[in-house]
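Every chain is numbered from 1 and lettered A, B, ... according to where its sequence line falls, protein lines coming before strand lines.
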Amino acid sequence: MEPTISEKAWNPELEKKILKQWEDEKIYDFIPQENNFTIDTPPPYPSGRPWHIGAAAHYSQIDMIARTARMAGKNVYFPIGIDRNGLPVELYTEKKHKIRMKETDRNEFLNLCRSALDDLEDEMILIMKNIGISGDFANYYRTDSEEYRTLTQSTFIDLWKKGQIYLANRPNNYDWVSGTTIADAEITYENLSTKLVYMKFKIKDTDKEIIIASTRPELICACKTIIVNPEDERYTQYIGKKVIVPITNAEVELRTHHSAKQEFGSGAVMVCSYGDQNDVALFRELELEEIVAIGLDGRMTKVAGNYAGLKPKQARTKIIEDLETNGFVEKIEEIIHRTPISERSKIPIEIIPMEEYYLKQKESVEKIKKLGQEITFHPTMHKQILMNWLESINIDWPISRRRYYGTEIPIWYCKKCSEPYVPEPGKYYKPWNEKCPISNCIKCNSTEFIGEERTFDTWMDSSVSPLFISKFNRDDEFFKKVYPASIRPQAKDIVRTWLYYTLLRCEQITGEKPWTEAWIMGYGLDEKGMKMSKSKGNAIDPLPVIEKSGADTFRFWSASEINHGYDFRCNEQKIESTKKFLSKLWNVSRFLSSFPIIESGIPNESDKWILSELDNLVKECKKGYDEYNFFIPAIAIREFTWNLFAAHYIEMVKARAYGIDFSDEERDGAIFTLHKVLSTILKLLAPITPFITEYLWNALYSKESIHKQMQVKAENLEIKSDITKEILEFNSKVWNEKKSQNLSLKDSIKIEIPKILEPFKKDLESMHHLED
RNA sequence: GGGCUCGUGGUCCAGGUCGGUUAUGACGUCGCCCUUACACGGCGAAAAUCCGGGGUUCAAAUCCCCGCGGGCCCA
């Protein structure tokens, strides 16, 4: 009997053929029915090469969700999208072409961004296809498409009309040389030498004074309170007292706050709008009213009195002189200060309040908490990230950005009276480049308009993904069938952003939750447990790894190494060595391919034993698959296949399967059981390693794809775990005995079979060549 | 600074809710072995202060407290 599988090892090259087979047969196409299972797939962001290997692992697992659901009999809708809005591509483009966004023609800059995205996107699509993602690539979407941006704008217009959007002044990082708000990502820190000025502040109605140290004395005019550490006994007596600010003579309260460090300066800190990020946090937390001391031109404003019009640095020099002249200075120290610097203009940034659009969210918090409670989280513990975040929300969401590559805010303003005009939803608008859709201002009848130049925060786009994939506003019938989606799979680090914003936006628009389940994956770290980054040089490029080891190896590594929800380490060697298991599976199948497939057989005791263990495995796998935790089935299947089925059962029944010294009936029992076990293993493993299982399934059992089969159900057989232990121990004993006697495994030996193993006597005798 | 989370052989990981056998398995290392699927294999061996300290208990990797270290998010 020759094996029908002739190659001696699994060849990852076969994956390409199988991919084509799936594509040709269109086995993953989606037509909405009644039992739809919609996956709100995260659209990855093409931010630069290489793509993160942790992300490749992440998408592998999302595909396992799809395949698990499909084999559970669900009609799976698995859309694929690419997220293309936002800052990273702008920075990438500026760097690549050595240009500055604000100094480049907007249309030209957008085109450069678009072509950069196209290149990066191609590689991501290639990786996703190669790792076996069973999504609908033919219809993949982009968040910067006209269709998508129309949705983002329409939802904004809807919320505008409902009064959920407002304009407000809030502090932002500001680079006054470039004249733009900058993101935290664009700030670097430099240790610069600066003066720490110890100033005397009088306590009101006493003759006492306290010393306050500051590197920004020019902001004294914007000082709103003085803080000391609650445990700082030097100041206990002054808590709650009014303090007189030098020069301005303003009265401010002295209060306690844990952020004041006793050992820095005098331990007492003046809180000004805005010296640093801590000031921003304190103004917000203590609900202080801000004073704008620095304007958009980077100069002191009129609240600075005599110092108005000066640059902060000049004002600092002058105010130190004046403080000294008036006897307000105790001493001045030269210190090294960690100063935030704009990455582009290399100047210290200022924190300046700017007018931006906000989406109301504070009043939705309770509703979102309730929705959060209704959604099943996998794993449960990560629901806490959302709940903690909801607890800490204390401002509304700033949604406007002074950037180019994003969805435009669809507003025009009357040139004469500034009245805003928001157009009708259902169309994609570019106000910076298009005429206002109305000809006359509703308020003053003027005919001239100015288009809004700002774009949305990219989360405004990403947060409506469940609406986009369900064709909200585009196809009502489709929408009704697939919304809410079944599951949102995503990474842990964006629960506070993507997951939360999606809940908020979808609730505001539909009044419903966007999905019934959320699946949260941990974070991919390097082999030492450090975050991967290009600058550290520890980033692993997934493409060569997948090409070398094959998608199934990579996927099995991902399933067997990553416990769901926890952070995981990526190690190329580990990935490569996972191949050994696939090799084992391949050779088990190759062995079985030399026996005919028979419909039924009468299992003997050995057969019944492995079938009961198999049934136990089915149960164990179901437990994992039910919560989309692939770690559980991966480990259990490997353990069973390698350490029970191959190592013990196959060895026990080999002679019987060949029919040597056994009756035909006994032989058929073995062959029947072998195939039953293998076909079950293949099905159990199919969601995790779709390629090799498909190949073996086709080669041995059926030409119809394994991914169209129903998952195996447990038969609830009685489990004989004490027998298992005895068999393993007995086999080990025989092998050791032969070894110590320098015998080959095919030599005969005389060892007594324990009583409990009596039912397996004939199989064990033939396996070990035991003498009577 | 705050929140969440993790810390078990050289490496990765199980066990932890609900305290009780000899702490699971894989990778790697070493030794032996061609055995009618597989040398990408088999058998076997060495390898662990279960991060540190304290507490509860007859009994702690597991429960409690305090530290230390890593990671993520927020500030």
note = A/Leu745 atom CG is separated from B/G44 atom P, nearest whole Å, by 10 Å
request  = Once you apply the 3.5 Å cut-off to both distances, tell me the Watson-Crick or G-U wobble partner of B/G41, or none.
outcome  = B/C33
task = Just do the ring-ring contact (aromatic ring centres under 6.0 Å, His included) check on A/Phe591 and A/Phe595 with the steps written out, would you?
result = CA-CA 8 Å; A/Phe591 173 60; A/Phe595 301 108; 5.2 Å; yes
inquiry  = Counting only side-chain heavy atoms from C-beta out, which of B/C40, B/A37, B/G44 sits nearest to A/Lys579?
reply    = B/C40
Atom pairs, N/O to N/O, protein against nucleotides 3-5 of chain B, distance under 3.5 Å?
residue, atom, partner, partner atom, Å
B/G3, O2', A/Asn388, ND2, 2.9

query = Between the side chains of A/Thr553 and A/Glu576, does any donor sit under 3.5 Å from an acceptor?
reply = no
task = Rounded off to whole Å, could you give me the CG-to-P distance for the A/Leu743 and B/G44 pair?
result = 16 Å
ask   = Hey, would you say the A/Trp519 and A/Phe377 ring centroids sit under 6.0 Å apart?
value = no
ask   = Can you tell me how far C1' in B/G44 sits from the matching atom in B/G7, rounded to whole Å?
value = 32 Å
key: Base-pairing assignment for B/C4 (Watson-Crick or G-U wobble, both under 3.5 Å)   = B/G71
request  = For A/Phe568 and for A/Phe581, find the nucleotide of RNA chain B with the closest heavy atom, then tell me which residue's nucleotide is more 5'.
outcome  = A/Phe568
inquiry  = Going by purine N1 to pyrimidine N3 plus the second Watson-Crick contact, or the G-U wobble pair, all under 3.5 Å, which nucleotide sits opposite B/U11?
reply    = B/A26
ask   = Does the side chain of A/Asn736 get closer than 4.0 angstrom to OP1 or OP2 of B/C43 through an N or O atom?
value = no
Reported CG-to-CD1 distance for the pair A/Leu685 and A/Ile688, which is rounded to 0.5 angstrom = 5.5 Å
ask   = What distance, rounded to whole Å, do you find between the two C1' atoms, one in B/U29 and one in B/U11?
value = 11 Å
message = Suppose you measure atom C1' in B/A37 against the same atom in B/G10; what distance do you get, rounded to whole Å?
response = 33 Å
query = For A/Glu391 and B/A75, what is the distance between atoms CD and C1' respectively, to the nearest whole Å?
reply = 17 Å
inquiry  = Rounded to whole Å, please give me the gap between NE2 in A/His58 and P in B/C72.
reply    = 17 Å
key: Complement of B/U56, any strand, by Watson-Crick or G-U distances under 3.5 angstrom   = none
request  = Write down the distance separating the P atoms in B/A60 and B/C27, rounded off to the nearest Å.
outcome  = 34 Å
inquiry  = So that I know where these two stand, are A/Trp10 and A/Phe691 an aromatic pair - ring centroids less than 6.0 Å apart?
reply    = no
key: Pairwise C1' distance, B/G70 and B/C34 [rounded to whole Å]   = 47 Å
request  = Please state how far atom NE2 in A/His648 lies from atom C1' in B/G42, giving the value in whole angstrom units.
outcome  = 11 Å
Distance test, side-chain N/O of A/Lys8 to OP1/OP2 of B/C40, below 4.0 Å = no
query = Distance between the C1' atoms of B/C32 and B/U36, in whole angstroms?
reply = 22 Å
inquiry  = If you compare all heavy atoms of A/Lys383 against all heavy atoms of A/Ile375, which two are closest, and at what distance to 0.1 Å?
reply    = NZ-O, 3.0 Å
ask   = Between A/His648 and A/Trp735, what is the ring plane arrangement, given parallel below 30°, perpendicular above 60°, and tilted in between?
value = tilted
query = Can you tell me how far CD1 of A/Ile751 sits from CZ of A/Phe730, rounded to the nearest 0.5 angstrom?
reply = 6.0 Å
request  = May I ask you to establish whether A/Lys224 and A/Phe283 are in a cation-pi arrangement, using a distance under 6.0 Å from NZ or CZ to the six-membered ring centre and at most 45° from the ring axis?
outcome  = no
List, with names and distances, any nitrogen or oxygen atoms from the protein found under 3.5 Å away from nitrogen or oxygen atoms belonging to nucleotides 29-32 of chain B.
residue, atom, partner, partner atom, Å
B/G31, N2, A/Lys739, NZ, 2.5

Validation row, ring centre A/His378 to ring centre A/Tyr628 under 6.0 Å = yes
message = Can you confirm whether A/Gln573 is buried at CD, in the sense that more than 12 heavy atoms of other residues, nucleotides or ligands lie under 6.0 Å from that atom?
response = no
key: A/Glu576 CD to B/C40 C1', straight-line distance once rounded to whole Å   = 9 Å
Between protein and nucleotides 21-28 of chain B, what N or O pairs are separated by less than 3.5 Å?
residue, atom, partner, partner atom, Å
B/G25, O2', A/Glu639, OE1, 3.3
B/C27, OP1, A/Lys580, NZ, 3.3
B/G28, OP2, A/Lys580, NZ, 3.2

key: Whole-Å P distance, B/G42 and B/G19   = 38 Å
remark   = Between CZ of A/Arg590 and C1' of B/U36 the distance, given in whole Å, is 11 Å
task = Determine, using ring centers only, whether A/Trp697 and A/His675 are less than 6.0 Å apart.
result = no
query = Once you round it to whole Å, what is the distance between P of B/G44 and CD of A/Gln741?
reply = 16 Å
key: Where A/Pro42 and A/Tyr59 come nearest, the two heavy atoms and their spacing   = O-OH, 2.6 Å
note = Partner of A/Asp607 under salt bridge (charged side-chain N to carboxylate O under 4.0 Å, His left out), picked from A/Lys676, A/Arg656, A/Arg667, is A/Arg656
query = Does the side-chain ring of A/Tyr658 sit on the six-membered ring of the B/U36 base, less than 5.5 Å centre to centre and under 30° in tilt?
reply = yes
message = Can you see if the side chain of A/Ser589 gets near the phosphate of B/A37 - specifically, an N or O under 4.0 Å from OP1 or OP2?
response = no
message = I'd like the C1' distance from B/G69 over to B/C51, given in whole Å.
response = 8 Å
task = Indicate, with a heavy-atom threshold strictly under 4.0 Å, whether A/Lys738 touches base, sugar-phosphate, or nothing.
result = nothing
